[in-house]
Amino acid sequence: MTLQFVYNGQDFVTEAQRSSGNGIAPEPSNFDLTIQAGWSDRMNRGLFRYHLDDLQTRIMPGPHGYVAQLNIQRGLQRRKPEEILSIKQEFNANQFNFNNIDPEEVIFEMTKVVEGRKEKGQLHERWRVVVLVNVSPLEFGHFLFVQEPSCCLPQVLTSFSIQVGIESVLLSSDPGFRVGFNSLGAFASVNHLHLHGYYLHHELQIESVPVKLLVPEKGFYRLLDFPAGFLFYTESECVVKVARAICQVTDFLVESNTAHNLFLTRGSPPSDQIQDEKDHCSRKGVRIAVWPRTSCFGAKDESAFNVALCELAGHLPFKNKKDYELSTEKDVKDVIERYLLPEAEFHTLEQHLTRHLTDL
């Protein structure tokens, strides 16, 4: 029988902190313990395509502090991606999808109990998400959130799936827990709605990079550093509102045939300048980065690393030892640059999105 993980807003961890160098790990939350125990159990039972040991890791010299990791096995043994021809491609039951996996890969079913009002008192609703291991992991604890697999939704974000991603970050006490999404045309390998979750215990610049406020009513910001993108931020009280605003942006991107990646992580509150130590280390809320980018269809593969959700955030799983050891920050930026929108196109999109969100 599948394990049930039931939560509500009282389970959110609201006082997380990024360590300032004392090396003390946070006490894991119930969510962390359940994910990590289930993931390790499946790894020990041999349900993965390869055994993931501690990955060789180095912090690249340079202002971006890129976290490079050597993960040769993932490049060699992961499932061949589905052929993607359009950002709006329909779900195809004849292609691999998450209704066809080994049931043992499921860690638990995740549901949130919500109190809503109807005419006669209180109603308890349940929302269901299946959480399963990624059998080709890029880091410890790498798993997938799949919204109602039997609904056969294509890889297009919904407000609900964004909300689940944000709330899972709030359920974790670990500032190294990350969630992400690749759209079709942005290195999604399966056209069945899913988000990624994993642990990376190295600070990323996206956690605190300065931003410029664009639409105050929606909490919509532009990142003030490379790579060009947008940012939302929320603490536990405003998750639903922010999830809807993010979905308004991603819906606009889908309708305009613009591929995109999202990265969700604990982060400091938005600011247009470098923050003091206290604010820099604060991790009460969640930062959600949205990167529009050029579409990439067919079997296009970089030899060193693909540019998807974690690479744009500064986490670089390299496929071969030579590139891992010799690549510089400039090399990395040159690769990423090839997948970003041209500057003029990005600024036009920024204007359209700002106007779109203001009018809603």
Residue pairs meeting salt bridge (charged side-chain N to carboxylate O under 4.0 Å, His left out), one or both in residues 180-202, sequence neighbours left out, come to none

In short, salt bridge (charged side-chain N to carboxylate O under 4.0 Å, His left out) pairs touching residues 52-63 with sequence neighbours left out are none

In the structure I gave you, are the side-chain heavy atoms of [X] and [Y] within less than 4.5 Å of one another anywhere?
X      : Y      : result
Leu316 : Glu311 : yes
Asp272 : Pro210 : no
His192 : Asn99  : yes
Val286 : Leu170 : yes
Val307 : Leu312 : yes
Val135 : Glu105 : yes
Ile107 : Thr2   : no
Glu325 : Phe318 : no

- Task: Answer yes or no: does atom NZ of Lys88 have more than 12 heavy-atom neighbours from other residues, nucleotides or ligands under 6.0 Å?
- Result: yes

Residues, nucleotides or ligands: over 12 heavy atoms within 6.0 Å of Lys284 NZ:
no

Can the ring centroids of [X] and [Y] be said to lie less than 6.0 angstrom from one another?
X      : Y      : value
His194 : Phe145 : no
Phe177 : Phe140 : no
Trp39  : Tyr198 : no

Between Leu195 and Gly165, the two heavy atoms sitting closest are CD2-CA, 4.2 Å

Measuring from atom [atom1] of [X] to atom [atom2] of [Y], what distance do you get when rounded to the nearest 0.5 angstrom?
X      : Y      : atom1 : atom2 : answer
Thr258 : Leu341 : OG1   : CG    : 6.5 Å
Gln36  : Asp174 : CD    : CG    : 7.0 Å
Ser295 : Ile84  : OG    : CD1   : 11.5 Å
Arg49  : Asn134 : CZ    : CG    : 9.5 Å
Leu171 : Ser168 : CG    : OG    : 7.0 Å
Phe96  : Ile101 : CZ    : CD1   : 7.0 Å

Report task. Please test Leu264 against Ile166 for side chain to side chain contact (heavy atoms under 4.5 Å, CB included), starting from the C-alpha separation and ending with a verdict. Result -> CA-CA 7 Å; Leu264 295 73; Ile166 296 172; 3.7 Å; yes

Measure from the side-chain N and O atoms of [X] to the backbone N and O of [Y], and report whether any donor-acceptor pair falls under 3.5 Å.
X      : Y      : answer
Asp331 : Thr328 : yes
Ser40  : Ala37  : no
Gln205 : Pro63  : yes
Thr34  : Asn30  : yes
Thr250 : Leu157 : no
Ser327 : Tyr324 : no
Arg42  : Val133 : no
Asn191 : Glu90  : yes
Asn44  : Asp41  : no
Asn257 : Ile87  : no

Checklist line | Donor on one side chain, acceptor on other, Gln4 and Thr111, under 3.5 Å | finding: no

Can I get a per-line list of side-chain donor-acceptor pairs under 3.5 Å for residues 179-186, giving both atom names and the distance, sequence neighbours left out?
| unit_1 | atom_1 | unit_2 | atom_2 | d |
| --- | --- | --- | --- | --- |
| Asn182 | OD1 | Asn261 | ND2 | 2.8 |
| Asn182 | OD1 | Leu309 | N | 3.0 |
| Ser183 | OG | His260 | N | 3.0 |
| Ser183 | OG | His260 | O | 3.2 |

Over 60° means perpendicular and under 30° means parallel, so tell me whether Tyr7 and Phe5 are parallel, tilted or perpendicular.
tilted

### Message
Parallel, tilted or perpendicular: which one describes the rings of Phe31 and Phe143, with boundaries at 30° and 60°?
### Response
perpendicular

For a quick test of your reading: what N or O donor-acceptor pairs under 3.5 Å do the side chains of residues 217-226 make, sequence neighbours left out?
| unit_1 | atom_1 | unit_2 | atom_2 | d |
| --- | --- | --- | --- | --- |
| Lys218 | NZ | Gln248 | OE1 | 3.2 |
| Arg222 | NE | Glu350 | OE1 | 2.9 |
| Arg222 | NE | Glu350 | OE2 | 3.3 |

Thr348 meets the side-chain contact (heavy atoms from CB on, under 4.5 Å) criterion, sequence neighbours left out, with His352

Which of Arg178, Arg266, Arg287 passes side-chain hydrogen bond (donor to acceptor under 3.5 Å, both in side chains) with Glu207? Answer is Arg178

* Asked: So, are Lys319 and Asp323 salt-bridged, with charged N and O less than 4.0 Å apart?
  -> no

**Item:** Lys/Arg-Asp/Glu bridge criterion (N-O < 4.0 Å) met for Lys333, Glu329
**Value:** no

key: Verify same cluster id: Met110, Val13 (apolar side-chain graph, 4.5 Å)   = no

For residues 65-72, which side-chain N or O atoms pair as donor and acceptor with protein atoms under 3.5 Å away, sequence neighbours left out?
| unit_1 | atom_1 | unit_2 | atom_2 | d |
| --- | --- | --- | --- | --- |
| Gln69 | OE1 | His315 | NE2 | 2.7 |
| Gln69 | NE2 | Thr57 | OG1 | 3.1 |
| Gln69 | NE2 | Glu139 | OE2 | 2.8 |
| Asn71 | OD1 | Arg74 | N | 3.2 |
| Asn71 | ND2 | Pro137 | O | 3.2 |
| Asn71 | ND2 | Leu138 | O | 3.4 |

